[in-house]
Amino acid sequence: MPELPEVETIRRQLEPRLVDRRILEAGSHESTKFTPAREATGARVEAVGRRGKYLMIRLNDGRDLVVHLGMTGQLRSGGDEDELADPYLRAWWDLDDGTRLLFRDVRRFGRIHVVRRGHHDGIPTLRGMGPEPFDETFDGAQLWERMRGRKQRLKTQLLSQRPVAGVGNIYADEALFGAGINPALRRISVERATRLLEEIRRVLALGLQRGGTTLRDYRSLEGQGSNQFHLVCYGRAGEECVRCGGELRGRVIDARSTTWCPNCQT
DNA sequence: GTTGCGTCCTGGACGC
DNA sequence: TGCGTCCAGGACGCAA
């Protein structure tokens, strides 16, 4: 489940392979989630960016090729004909250097768009997305401002991408644990929002440093990340809390599995 | 406008 | 061994 560190890892690996390459041909699965991939045919890639969990591939014709990896999406670099027979291949782009970019997605939760730069009306999450967590002008007071008055649980708010971009289920659990905040709460103080932003930055930076978290399907162009070996909260329900020694609890919050420590997170 | 829930989708884990 | 059921979850659409 690619979140900001995983998408950023992939972006960094894609950049040298894609920039200045022209897309000679493209193909896709028949689902409308993927058919926009074909619209990039003929364009040249100017840059490979990222916004939250979305890869933003800037084309030279004023448009962006927007790729969301969903749950199980993987981007690979290849060139062999037999790759096109992969039953889980959802889109591909042939480049002018003879290589091919492949988008594989087993569960088909990923999506591809081609939009005029800055026009995100057709991508609601991108349109309403909060600031990038590592934006130096973004601070705890602003995070609090974006969360105050909301009635949703704090974890649900984080997953919505509206308060801050790029946080998914794994890093939400880890950051809330680090900040000592109960994920089921609906209100937060300025002080705790500041602490939460610090923890979001910390866990995302560590995830990035380790090449992402490889659980089930995620892998970058160059293999698996290692952050899964360092998780202290996510997926550890029933195990011992690293901080207080108590038992971590698991429950479903708004249809998302959630792990937290009832002693440390209040 | 906001909130909460259902849907999409399929491999893997698990129980019988 | 084989079958059926449940679970995982990001984004989006829809109803209230």
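A note on names: the letters A, B, ... follow the listed sequences, proteins ahead of strands, and every chain is numbered from 1. Basis for what follows: all heavy atoms, side chains included, without hydrogens, waters or symmetry-related copies.
- Distance A/Leu159 CG to C/dG9 P: 10 Å, rounded to the nearest Å.
- Among B/dT3, C/dG10, C/dG13, the nucleotide with an atom closest to any side-chain atom of A/Lys151 is B/dT3.
- Between A/Tyr54 and A/His68, the ring planes are perpendicular. Angles over 60° get that label, and only those under 30° would be called parallel.
- Placement of A/Val19 and A/Val114 within a single hydrophobic cluster is found when ILVMFWY residues are connected by side-chain heavy-atom separations under 4.5 Å, directly or transitively.
- Rounded to whole Å, atom P of C/dG9 lies 7 Å from atom NZ of A/Lys155.
- In this structure, A/Asp61 and A/Arg63 have side chains that are in contact, with non-hydrogen atoms separated by less than 4.5 Å.
- Taking the side chain of A/Arg108 as heavy atoms from C-beta on, and the options C/dG9, C/dC12, B/dC9, the nearest nucleotide is B/dC9.
- Nearest heavy-atom pair across A/Arg251 and A/Trp260 is CG-CZ3, 3.4 Å.
- Going from atom CG of A/Leu126 over to atom C1' of C/dA11 covers 12 Å, rounded to whole Å.
- A/Lys33 has no side-chain polar atom (N or O) that falls below the 4.0 Å cut-off from OP1 or OP2 of C/dA11.
- Picking from C/dA11, B/dC8, C/dA8 the nucleotide with the shortest atom distance to the side chain of A/His68 gives C/dA11.
- Both A/Arg153 and A/Arg256 lie near DNA chain B, and the one whose nearest nucleotide falls closer to the 5' end is A/Arg153.
- Both A/Ser31 and A/Arg162 lie close to DNA chain B; mapped to their nearest nucleotides by heavy-atom distance, the more 5′-ward contact belongs to A/Arg162.
- A stacking contact between A/Phe109 and C/dA11 is absent: the pair does not combine a ring-centre distance of less than 5.5 Å to the base's six-membered ring with planes differing by less than 30°.
- Taking atom CE of A/Met71 as the reference point, atom C1' of B/dG12 lies 12 Å away to the nearest angstrom.
- Both distances falling under 3.5 Å, in either a Watson-Crick or a G-U wobble arrangement, place B/dC8 opposite C/dG10.
- Here C/dC12 presents its P atom at 10 Å from CD of A/Gln161, a figure rounded to the nearest Å.
- The phosphate of C/dG9 has OP1 or OP2 within less than 4.0 Å of a side-chain N or O from A/Ser257.
- Between the CD1 atom of A/Ile112 and the P atom of C/dG10 there is a distance of 19 Å, rounded to whole Å.
- Rounding to whole angstrom units, CZ of residue A/Arg111 and P of B/dT7 are separated by 16 Å.
- Across the protein-nucleic acid pair, A/Arg127 atom CZ and B/dG1 atom P stand 10 Å apart, rounded to whole Å.
- Distances were taken from every side-chain heavy atom of A/Arg107 (C-beta onward) to each of C/dG13, B/dT10, C/dG10; the shortest belongs to B/dT10.
- A side chain to side chain contact (heavy atoms under 4.5 Å, CB included) with A/Tyr234 is found for exactly one of A/Val203, A/Leu248, A/Ile170, A/Thr258, namely A/Ile170.
- Contact annotation: A/Tyr234 side-chain N/O to C/dG9 OP1/OP2 distance is under 4.0 Å.
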